[in-house]
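The structure appears right after this line, and notes come after that.
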Amino acid sequence: MKETSFHITYTKKTVPKKPIPIRLQNYLFVKTNALCEIQKFLIHLIHIHFFFLCIAAHENFILSFVRFPEETESESFFWEKVKDIYHETRCHALCFTPDTSLMIIPKNVTFCAAGSDFLLRIFRTDLQNSDTVQTLKGHTNYVNEISWSNKCEFLELVSDDNSCKIWCFESNYDNIITFCLSSAGMSVKWHPDDPNKVMVAEKKGVIHMYNVRSQQSVISVECPKIPLLTADWALNNYHIITALSNSLQCMIHVPIMVHTPTKNIYFLS
């Protein structure tokens with residue numbers, strides 16, 4: 001069985017009752033009948049009880065609706081495939097755009113996929129007959145994570161080629177900024193409130209805060225536990241970044257006050 005990883009995106013400030021990836025393992029693999037081929041999950045909350053799901057299989061993306069029994073009074077798991085989209089290479093990273101919506105006409109589903117050929121592909125579909133794909137080239141090694149800015153103005157990626165690249169929507173996704181890193185980039189996340197700031201986490205434990213407009217580093221902190229696997233903003237406090245290290249399977253909390261140089265690190269057992 002191939003290793004499966006998860007990327008979760010919510011359109012509302014609604015947190016499911018139980019962790020989604022665990023329930024997907026319990027329910028979805030049985031429904032898709034493709035356990036050995038599933039490589040990535042991408043989840044988009046479209047309703048309090050329904051989720052829109054993108055599954056990266058061996059040579060295609062499976063778009064579907066899913067509902068878990070824990071979220072409703074129903075005792076059954078609901079899964080309905082909506083569309084297949086061809087993808088010619090193994091997928092290493094996935095991310096929906098924030099403006100993806102099934103509540104408008106025509107529907108707008110847009111996501112970026114990074115393949116094993118180091119190319120980026122931006123897929124757009126209305127879930128009917130209108131499908132387009134745009135290919136971007138820039139990285140020279142595997143892409144580990146993809147992130148869109150809140151207003152879809154920028155697309156940012158981190159890679160094993162020790163770089164973080166930012167692509168601009170207004171210029172038809174030209175690569176306008178490249179931040180050179182000292183190790184592989186593992187995570188990249190835009191600040192939830194400040195559209196000019198982005199967090200980049202390196203494998204060797206360094207977490208940077210960059211200002212995209214000035215193209216300068218605002219602050220950097222170093223986590224003593226390496227290798228760093230992933231990092232993200234805390235849901236209830238955007239001055240805190242939570243990082244996961246593989247050395248001791250511990251969570252590292254790095255409070256970063258954007259307007260002060262104070263840096264504290266806490267370890268969770």
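Just so you know, these numbers use all the heavy atoms, side chains as well, and skip hydrogens, waters and symmetry mates. For this chain, numbers begin at 1 and follow the sequence in order. Remember, it's a predicted structure, so these values are computed and weren't measured experimentally.
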The criterion is side-chain hydrogen bond (donor to acceptor under 3.5 Å, both in side chains); which residues satisfy it with S147, sequence neighbours excluded?
none
Is there side-chain contact between N162 and N141, with heavy atoms separated by less than 4.5 Å?
no
Strictly by modelled atom types, are T110 and N108 linked by a side-chain donor-acceptor pair under 3.5 Å?
yes
How long is the span from the NZ atom in K197 to the OG atom in S149, to the nearest 0.5 Å?
14.5 Å
When you look at L102 and V109, which way does the side chain to side chain contact (heavy atoms under 4.5 Å, CB included) test go after all the steps?
CA-CA 7 Å; L102 305 184; V109 176; 3.5 Å; yes
What pairs of residues pass the salt bridge (Lys or Arg N to Asp or Glu O under 4.0 Å) test when at least one of them lies in residues 167-186, not counting sequence neighbours?
none
Any donor-acceptor pair under 3.5 Å linking the side-chain atoms of N196 with those of N211?
no
Establish, yes or no, whether a centroid distance under 6.0 Å links the rings of F65 and F51.
no
Are F169 and L136 connected in the hydrophobic side-chain network, where two residues link if heavy atoms are under 4.5 Å apart?
yes
Specify the closest pair of heavy atoms between N144 and G185, including all atoms of both residues, with the distance to one decimal.
ND2-O, 2.8 Å
When rounded to the nearest 0.5 angstrom, what distance separates CH2 in W148 from OG1 in T97?
6.0 Å
Pairwise side-chain contact, I146 with L155, heavy-atom cut-off 4.5 Å (strictly under):
yes
Starting at CE of M199, measure out to NZ of K189 and round the result to the nearest 0.5 Å.
6.0 Å
Can you list every salt bridge (Lys or Arg N to Asp or Glu O under 4.0 Å) pair that touches residues 101-117, not counting sequence neighbours?
D117-R121
Can you name the side-chain hydrogen bond (donor to acceptor under 3.5 Å, both in side chains) partners of K165, sequence neighbours left out?
T178
Rounded to the nearest 0.5 Å, the SG atom of C152 sits from the CG atom of D99 at a distance of 3.5 Å
Connected hydrophobic set around I104, excluding itself, where side chains approach under 4.5 Å
none
For L120 and A114, which heavy atoms make the closest approach, and how far apart are they?
CD2-CB, 3.8 Å
Counting C-beta onward and ignoring hydrogens, is there a side-chain heavy-atom pair between D232 and T242 closer than 4.5 Å?
no
Hey, does R124 have a side-chain heavy atom less than 4.5 Å from the side chain of Q134?
yes
Report yes if the distance between the aromatic ring centroids of F118 and H139 is under 6.0 Å, otherwise no.
no
Just verifying a value: how many Å separate L63 CG and T125 OG1, rounded to the nearest 0.5 Å?
7.0 Å
Residue pairs meeting salt bridge (Lys or Arg N to Asp or Glu O under 4.0 Å), one or both in residues 126-139, sequence neighbours left out, come to K83-D131
Taking transitive links into account, so neighbours of neighbours count too, which hydrophobic residues share a cluster with Y210 at under 4.5 Å side-chain distance?
F154, V158, I166, I176, I177, F179, L181, V188, W190, V198, V200, V212
Would you kindly confirm whether Y142 and L229 end up in one hydrophobic cluster when ILVMFWY residues are joined by side chain heavy atoms under 4.5 Å apart?
no
Would you say that N150 contacts D193 through its side chain, given a criterion of any heavy-atom pair below 4.5 Å between the two side chains?
no
With clusters defined by side-chain heavy atoms of hydrophobic residues (ILVMFWY) lying less than 4.5 Å apart, directly or transitively, does L127 cluster with I85?
yes
Identify, with sequence neighbours excluded, every residue that meets ring pair (Phe, Tyr, Trp, His ring centres under 6.0 Å) alongside F123.
F61, H87, F111
CG/D160 to NE2/H92 distance, rounded to the nearest 0.5 angstrom?
9.5 Å
Please answer whether the main-chain N or O of L94 pairs with a side-chain N or O of E145 as donor and acceptor at a distance below 3.5 Å.
no
Pairing residues for T230 by the side-chain hydrogen bond (donor to acceptor under 3.5 Å, both in side chains) criterion, not counting sequence neighbours
S187
Return each pair, listed once, that meets salt bridge (Lys or Arg N to Asp or Glu O under 4.0 Å) where at least one residue sits in residues 199-218; pairs must be two or more places apart or across chains.
E153-R213
Just jot down the side-chain hydrogen bond (donor to acceptor under 3.5 Å, both in side chains) partners of N129, sequence neighbours excluded, or say none.
none
Is there a side-chain contact between H208 and S220 (heavy atoms, below 4.5 Å)?
yes
Under the side-chain contact (heavy atoms from CB on, under 4.5 Å) test, residues paired with P192 that sit two or more places apart
W233, Y238
